Amino acid sequence: MFKNVMVYRISEGWSPNLADVESALQGERFVECGATQDKSVGWAEPRGQEHGPLVESVGGQWIAKLVIESKAVPGNVVRRKLDEQVAEIETATGRKPGKKEKRQMQDEILLSLLPQAFARQASVLVWLDMKARRLVLNAGSQGKADEAVSALLKAMPGLSIALLQTATAPQAAMTEWLLAPNPEDWPAALCVERECTLKATGEDAASIRYVRHHLATDDVRKHVTEGKLPTQLALSWDGRVAFVLTETLQLKKVQFLDGVMDASGTDKSEDRFDSDVALSTGLLSPLLDGLVEALGGEMEWGAAVATASTDAVTTAAADDPPF
């Protein structure tokens with residue numbers, strides 16, 4: 001259910017009840033793109049039942065789903081049609097259209113082609129843990145996470161959030177773990193696995209990726225001491241959850257290890273949504289607690305907000321423009 005995890009801290013001043021959140025999201029319900037609309041963002045039923053609630057509560061954990069639909073016209077198609085129209089005008093009138101006229105022609109071409117474009121949908125699962133005051137997003141890119149954050153802030157003006165920040169930077173901690181001579185020096189319940197990406201700084205920015213490779217070796221430690229620092233490191237927690245930690249505190253490739261699903265006692269006749277939510281949140285919540293502790297604890301709210309504001313200014317869009 002949560003394959004890629006980004007974690008935010010919810011400020012203390014926002015404490016709605018479930019009905020408040022449901023009402024707020026209803027005003028931003030997802031509607032498919034119109035014929036000449038290139039993008040639509042809104043909330044849909046996380047359980048997948050038509051006309052169902054937009055926020056589900058399972059074991060006190062609130063789950064919502066943001067849907068992002070977009071239509072893109074290939075840039076080369078727009079440019080080709082624009083060139084054809086410009087050539088026709090030059091042939092008929094002997095004049096060359098100016099920049100402003102060409103931009104207007106380009107917009108008209110795009111609008112004429114959008115009804116023929118295929119719509120693509122993506123979704124972001126949103127987990128509101130009000131007890132721990134955490135917002136957890138199942139987002140594989142910063143662009144999708146930003147869409148979910150923007151949609152939440154739009155629907156609920158009183159909400160204030162910031163990216164979860166730890167006292168020890170993930171890269172610094174991962175470096176320390178790779179340099180540790182013995183597994184006993186790793187944090188409690190965390191185990192370094194067999195995948196890692198090391199990247200140097202500077203002009204060459206050389207990188208090395210280890211896959212299915214034992215990392216507690218002199219060869220790996222030599223690369224690290226020479227300046228190639230970890231940007232991603234595979235870890236497992238308590239023998240139950242495997243994931244890849246990134247330098248920006250994202251969890252990628254999250255998966256439950258053998259035996260966890262069997263131990264959950266899920267029966268095929270039971271509602272899989274409820275059991276998946278209960279299992280995912282029940283394991284990820286203590287995992288996040290343990291990971292934050294291993295990274296020296298959480299940064300104070302004010303410092304985290306300042307850092308998140310700086311990151312928001314410099315964050316690039318996740319997807320390339322259509323042309």
Side-chain angles (χ1 to χ4, degrees), residues 1-9 134 136-145 163-202 204-258 260 280 283-299 304 307-308 311 315 318:
M1 180 166 274
F2 286 86
K3 301 299 182 184
N4 299 283
V5 169
M6 293 189 187
V7 189
Y8 297 76
R9 170 62 63 200
R134 279 196 295 243
V136 181
L137 304 179
N138 181 34
S141 70
Q142 189 62 54
K144 287 187 174 61
L163 273 168
L164 188 145
Q165 302 283 334
T166 53
T168 301
Q171 187 171 70
M174 291 189 291
T175 300
E176 180 181 342
W177 299 339
L178 287 176
L179 290 175
N182 300 305
E184 291 77 11
D185 298 322
W186 298 337
L190 282 177
C191 179
V192 174
E193 297 296 337
R194 296 162 60 86
E195 181 179 336
C196 178
T197 300
L198 304 176
K199 189 172 182 179
T201 57
D204 60 346
S207 63
I208 298 175
R209 183 165 182 251
Y210 291 96
V211 179
R212 296 187 294 275
H213 190 285
H214 186 56
L215 299 179
T217 65
D218 291 338
D219 179 59
V220 173
R221 285 190 283 269
K222 182 174 183 293
H223 283 300
V224 173
T225 55
E226 289 176 348
K228 293 184 181 70
L229 301 180
T231 58
Q232 297 189 7
L233 179 63
L235 300 167
S236 62
W237 171 78
D238 200 29
R240 293 187 286 176
V241 186
F243 61 97
V244 174
L245 177 65
T246 75
E247 61 184 327
T248 57
L249 197 54
Q250 297 178 27
L251 276 61
K252 295 182 175 291
K253 300 182 182 179
V254 177
Q255 63 179 108
F256 301 134
L257 300 177
D258 292 343
V260 171
S280 297
L283 287 175
L284 289 177
S285 186
L287 183 158
L288 292 173
D289 289 339
L291 183 59
V292 168
E293 183 180 352
L295 295 174
E298 191 173 345
M299 189 183 292
T307 303
D311 292 343
T315 297

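Hydrogens, waters and symmetry mates are skipped; everything else that's a heavy atom, side chains included, is used. Everything quoted here is computed from the prediction, not taken from an experiment.
- At a threshold of 4.0 Å, the pair Asp218-Arg221 counts as salt-bridged, since one of the basic side-chain nitrogens sits closer than that to a carboxylate oxygen.
- With contacts defined as side-chain heavy-atom distances shorter than 4.5 Å, the pair Thr175/Pro230 qualifies.
- Residues Leu215 and Leu233 are in side-chain contact: their nearest non-hydrogen atoms beyond the backbone lie under 4.5 Å apart.
- Side-chain atoms of Leu235 and Trp186, non-hydrogen and from C-beta on, never get closer than 4.5 Å to each other.
- Here the CG atom belonging to Leu198 is positioned 7.5 Å from the OG1 atom belonging to Thr231, to the nearest 0.5 angstrom.
- You'll find the side chain of Leu288 reaches within 4.5 Å of the side chain of Leu251, heavy atoms only.
- Screening Thr197, Asp219, Thr217 against Tyr210 for a side-chain hydrogen bond (donor to acceptor under 3.5 Å, both in side chains) leaves a single residue, Asp219.
- A 6.0 Å sphere centred on NZ of Lys252 holds more than 12 heavy atoms belonging to other residues, nucleotides or ligands.
- By the neighbour-count criterion of 12 heavy atoms within 6.0 Å, atom CD of Glu293 is sparsely surrounded, having that number or fewer from other residues, nucleotides or ligands.
- The number of heavy-atom neighbours closer than 6.0 Å to CD of Glu176, taken from other residues, nucleotides and ligands shown, is 12 or below.
- For the pair Met174 and Cys196, the minimum side-chain heavy-atom distance is 4.5 Å or more.
- Taking each heavy atom of Ala206 and Lys228 in turn, the nearest pair found is CB-CE, 4.3 Å.
- Counting all heavy atoms, side chain and backbone alike, Phe2 lies closest to Val254 at O-CB, 3.3 Å.
- For Ser236 against Glu193, the heavy-atom pair with the smallest separation is OG-OE2, 2.5 Å.
- Counting only residues at least two apart or in different chains, salt bridge (Lys or Arg N to Asp or Glu O under 4.0 Å) contacts with residues 206-216 comprise Glu195-Arg209.
- Using a 4.5 Å heavy-atom cutoff, the side chains of Asn4 and Gln250 are not in contact.
- Atom OG1 of Thr166 sits about 8.5 Å away from atom CD of Glu298, to the nearest 0.5 Å.
- Taking each heavy atom of Asp289 and Arg134 in turn, the nearest pair found is OD1-NH1, 2.8 Å.
- Here the CD atom belonging to Glu247 is positioned 8.5 Å from the CD atom belonging to Gln232, to the nearest 0.5 angstrom.
- Between Trp237 and Leu283 the shortest side-chain heavy-atom distance falls below 4.5 Å.
- Pairing each heavy atom of Leu257 with each of Ala242, the nearest pair is CD2-CB, 3.6 Å.
- Taking the side chain as every heavy atom from C-beta outward, Leu287 and Phe243 approach each other to under 4.5 Å.
- Closest heavy-atom contact between Leu295 and Ala173: CD2-CB, 3.3 Å.
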